[in-house]
Engineer: 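The structure's right below; bear with me while I get my questions together.
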Amino acid sequence: MSSAPQWKNPVIRWVDERLPVFTYIDHEYNQFPVPKNLNYFWNFGALAMIVLVTMVVTGIVLAMQYTPHVDYAFGSVERIMRDVNYGWLIRYIHMNGGSMFFIIVYIHIFRGLYYGSYKSPRELLWMLGVVILLLMMATAFLGYVLPWGQMSFWGATVITNLFSALPIIGEPIVTWLWGGFAVDNATLNRFFSLHYLMPFVLFAVVGLHVVALHVTGSNNPTGIEIKGPQDSVPFNPYFTAKDSVGLGVFLIFFAYFVFFAPNFFGEVDNYIEANPMQTPPHIVPEWYFLPFYAMLRAITFDVFFIPAKLLGVMVMGASIMILFIVPWLDTSKVRSARYRPVYKWLFWVLVIDCFVLGYVGAKPPEGVLVLMGQLGTAYYFLHFLVIMPIVGKLETPLPLPASISEAVSGGSANSSPSGMEKP
Amino acid sequence: MRKTVIGVAAAVLITISGQAMASGGIELPKQHWSFEGIFGTYDRGEAQRGLQVYSEVCAGCHGLSLIYYRNLMGLGYTKDQVKAFAAEYEVEDGPNDEGEMYMRPAKPSDRFVNPFPNDKAARAGNNGALPPDLSLVVEARVGGPNYLYNLMAGYVEPPAGVSVMEGMSYNAYYPGHQIAMPSPLSDEAVEYADGTKATVAQMARDVTTFLTWASEPNMEERKGMGIKVLLFLIVLTGMLIAVKKKIWADVH
Ligand code: HEM
């Protein structure tokens, strides 16, 4: 199936014999065998890649007019919006692109959790994904500071201040991060520098993620491996076509926000220029950080000698770090929740839990919301630390189909080899 | 398919939780606006009257510093009208060949002139309160145009038992209800050039439309382009679906 192609074009052949890029592309994106039963949830990786490229392109264009200085940053963004030709378009794409990126990646992650895509042999692939999530969060946080609105400034102040929770080294670290004794011009400059750098680091890690994927191949909704040629189709044209459909639908969704509700995901306070003398009534991060913010604030009590603030930071950090060990926390013999009658429901409870935490994160921490945040946080960790290992052991999975083909046609495993030779 | 539906539902949920986040505080009665919806445009009559309200009333205290006089052509004024309008204001320019700063009439390429030379002067003229620049005020407040409209029309007698501090006014829609801006509008505060009756409600509407335009002068271009882009994407996606079906037809 993966025979080395004979390149007809002499230039291509000349290059390929010395540096086999064309053969590589042919292998990995043309012939690459993909389980034929992937559903549309398998579109989101490709979509994330496209959004990453979009962010880099629009970001570089924005940087041509943006001024990283406390006195001019806000004004330069408004200049982009009003006076630069199509500046509003570029900025709204970049601004909403950030939100799209997280919507896509969160769906991508929950897809992995549902179908057990993190299980052997895809552990490293999954862990690289968690690294990507961390880098994205850093990038988005840094970027949000750049327009230098009220939320930019106060968000940066609150989040950088978290480091001061660390004993002894906390305060010096914060001063070092700020480049001074407050969030100020030096902070804005370094944030811009790092915001420009991070996406390229992301590219590198995404590259590794894709290489790892092409070693193991894609998981699929049944969670069973490809058993023979009848179970797979070549990536091209089957998945180029299917990914294109997903891309079209996604672009409609994206364009709706860019053109008709561009400030939907934003905070109104960020249209007020940063003012260190005036704290906004309540400081909220961007929506994609809300569940984590809720966990940070859930810890309102000291435990032994650990103060609440430090514990909150640790809990928030742990909520992401725990994802790294998910492949070893899940003890189930089968991958896909489709064949796990109990876990299937617990998965959805986790999803709801994340929405609840997001809601709590958006509200001021008062009254019953504090308790909701604490219970939500407890459940989040309960899911990974207790439910995953125990349910995996106790639950009796449903019988697995003999092969992907059988699952798809519901009949014989050796149904037709289905268009493998399609041009 | 079921999974796709769930995916869409999740997106909708995110959407709703976003909306729930934005509201909060005082309930704002909604007005109907010409610029709402995907086909919305700024009502030129309202916006032009709003400019008149802004320049005759609000400009005494509030700047509009992100707007250039030339931008007014976007509201349907001719170049000459804009020139004449700008020339009513004076800006500092220079230094000239003698090294002196001097005053000259504003040009279309100038920004709207601020009423005060700096924030301190603005505070000094307003009992210590700072009248914010209005260029972005509609985007910078929860409720946007509905907030602004209700704020303008929301000066009422304080409810029994509520005492208003010295130099403050009671406003039904301002967070905390005590605002340092005295009611800026009263009936017949301006005499409209087009003969429209200048009630408080009318002026509040007009100035809101004008300031919404000031917050986002490119909105019409944005929505116009958006409709074309969406139509294109819908047709494209339809074609991609057809292609995909054809390619997958023989896979079972
Ligand atoms: C991983 C990809 C990226 C993410 C998630 C991201 C995220 C963000 C976010 C959330 C904002 C704030 C938007 C706003 O409120 O206006 C922002 C602003 C900005 N970003 Fe990025 N960004 C990415 C890549 C880039 C790249 C590669 C550049 C190139 C230099 C860039 C340049 C900028 C600039 C100049 C701004 C400030 C202008 C503005 O506020 O619109 N970004 N970014």
Side-chain angles (χ1 to χ4, degrees), chain A residues 36 39-41 75 78-79 81-83 87-89 92 103 106-107 110-111 114 149-150 221 233 237-238 241-242 244-245 247-249 251-253 255-256 258-260 262-265 267-272 281 284 287 290 348 351 355 358-359 362-363 405 408-409 415-416 418-419 422, chain B residues 1 3-4 6-7 10-11 13-15 17-22 24 37-38 65-68 71 132-133 135-144 175 215-219 221-227 229-230 232-234 236-241 243-252:
Chain A
K36 65 183 186 182
N39 59 31
Y40 276 101
F41 279 106
E78 276 309 313
R79 204 181 132 69
M81 292 298 288
R82 290 156 189 266
D83 300 331
W88 57 267
L89 179 61
Y92 279 155
I103 292 177
Y106 284 152
I107 294 177
F110 278 108
R111 186 282 316 262
Y114 188 83
Q150 275 288 69
V233 291
Y238 292 98
K242 195 160 180 170
S244 303
V245 171
L247 177 63
V249 173
L251 287 180
I252 292 172
F253 180 77
Y256 174 80
V258 168
F259 291 104
F260 301 114
N263 292 307
F264 179 82
F265 294 105
E267 276 295 319
V268 291
D269 290 71
N270 233 25
Y271 279 107
I272 303 173
V284 276
W287 69 265
L290 291 175
W348 287 109
V351 173
F355 276 104
Y359 174 81
K363 298 278 168 189
S405 281
V408 174
S409 58
S415 60
S416 77
S418 64
K422 217 162 165 110
Chain B
M1 190 57 218
K3 300 281 153 53
T4 324
I6 294 166
L13 251 168
I14 295 175
T15 308
S17 61
Q19 226 146 25
M21 232 163 62
I38 64 172
S65 58
L66 293 177
I67 296 290
Y68 294 87
N71 293 144
D133 190 276
S135 315
L136 274 170
V137 82
V138 175
E139 295 209 319
R141 293 293 181 280
V142 175
S215 282
E216 226 197 348
N218 292 321
M219 181 210 71
E221 188 190 4
R222 161 162 71 74
K223 289 182 177 171
M225 187 192 285
I227 288 163
V229 169
L230 272 194
F232 168 79
L233 286 175
I234 289 169
L236 178 74
T237 306
M239 280 161 36
L240 291 172
I241 291 173
V243 170
K244 188 255 166 187
K245 283 217 164 111
K246 188 138 196 275
I247 290 178
W248 281 78
D250 54 358
V251 181
H252 305 287

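The figures here come from the full heavy-atom set of this structure, side chains too, leaving out hydrogens, waters and symmetry mates. This one's a predicted model, so the numbers in the text were calculated from it and none came from an experiment. We name chains A, B, ... by the order of the sequence lines, and we start the count at 1 in each one.
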Engineer: For A/V258, is it the side chain, the backbone, both or neither that has a heavy atom under 4.5 Å from a heavy atom of chain B?
Structural biologist: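 Backbone only.
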Engineer: Can you give me the closest heavy-atom contact between A/I252 and B/L233, atom names plus distance?
Structural biologist: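 Minimum heavy-atom contact is CG1-CB, 3.7 Å.
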Engineer: Tell me, for B/Y68 versus chain A, whether the close heavy atoms (under 4.5 Å) come from the side chain, the backbone, both or neither.
Structural biologist: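 Interface part for B/Y68: side chain.
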Engineer: Name the residue from B/M225, B/E216, B/M219 that meets the side chain to side chain contact (heavy atoms under 4.5 Å, CB included) definition with A/W88.
Structural biologist: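 Only match with A/W88 under side chain to side chain contact (heavy atoms under 4.5 Å, CB included): B/M225.
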Engineer: If I take atom CD1 from residue A/I272 and atom CZ from residue B/R141, how far apart are they, to the nearest 0.5 angstrom?
Structural biologist: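 It comes to 4.5 Å.
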Engineer: What part of A/Y106 gets within 4.5 angstrom of chain B, counting heavy atoms only: side chain, backbone, both, or neither?
Structural biologist: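 Interface part for A/Y106: neither.
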Engineer: Among B/K244, B/K245, B/K223, B/R222, which residue forms the greatest number of heavy-atom pairs with chain A at distances under 4.5 Å?
Structural biologist: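 Most pairs with chain A among the choices: B/R222.
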Engineer: Top residue by heavy-atom pair count (under 4.5 Å) with chain A, among B/N71, B/L230, B/V243?
Structural biologist: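 Of B/N71, B/L230, B/V243, B/L230 has the most heavy-atom pairs under 4.5 Å with chain A.
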Engineer: Is A/R82 reaching over with its side chain to a backbone N or O of B/S215, donor-acceptor style, under 3.5 angstrom?
Structural biologist: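 Yes: the side chain of A/R82 pairs with the backbone of B/S215.
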Engineer: Chain B heavy atoms under 4.5 Å from A/L251: which part of the residue, side chain, backbone, both or neither?
Structural biologist: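 Interface part for A/L251: both.
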Engineer: Give, for atom CD1 of B/I227 and atom CZ of A/F259, the distance between the pair rounded to the nearest 0.5 Å.
Structural biologist: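 It is 10.5 Å, given to the nearest 0.5 Å.
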Engineer: For B/L240 and A/S244, work out which heavy atoms get closest and say how close.
Structural biologist: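 Where B/L240 meets A/S244 most closely, the heavy atoms are CD1-O, 3.3 Å.
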Engineer: Locate the shortest heavy-atom distance separating A/Y238 from B/W248; write the atom from each residue and the value.
Structural biologist: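 That would be O-NE1, 2.9 Å.
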Engineer: Counting heavy-atom pairs under 4.5 Å to chain A, which of B/I241, B/L66, B/I67 comes out on top?
Structural biologist: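 Highest number of pairs under 4.5 Å: B/L66.
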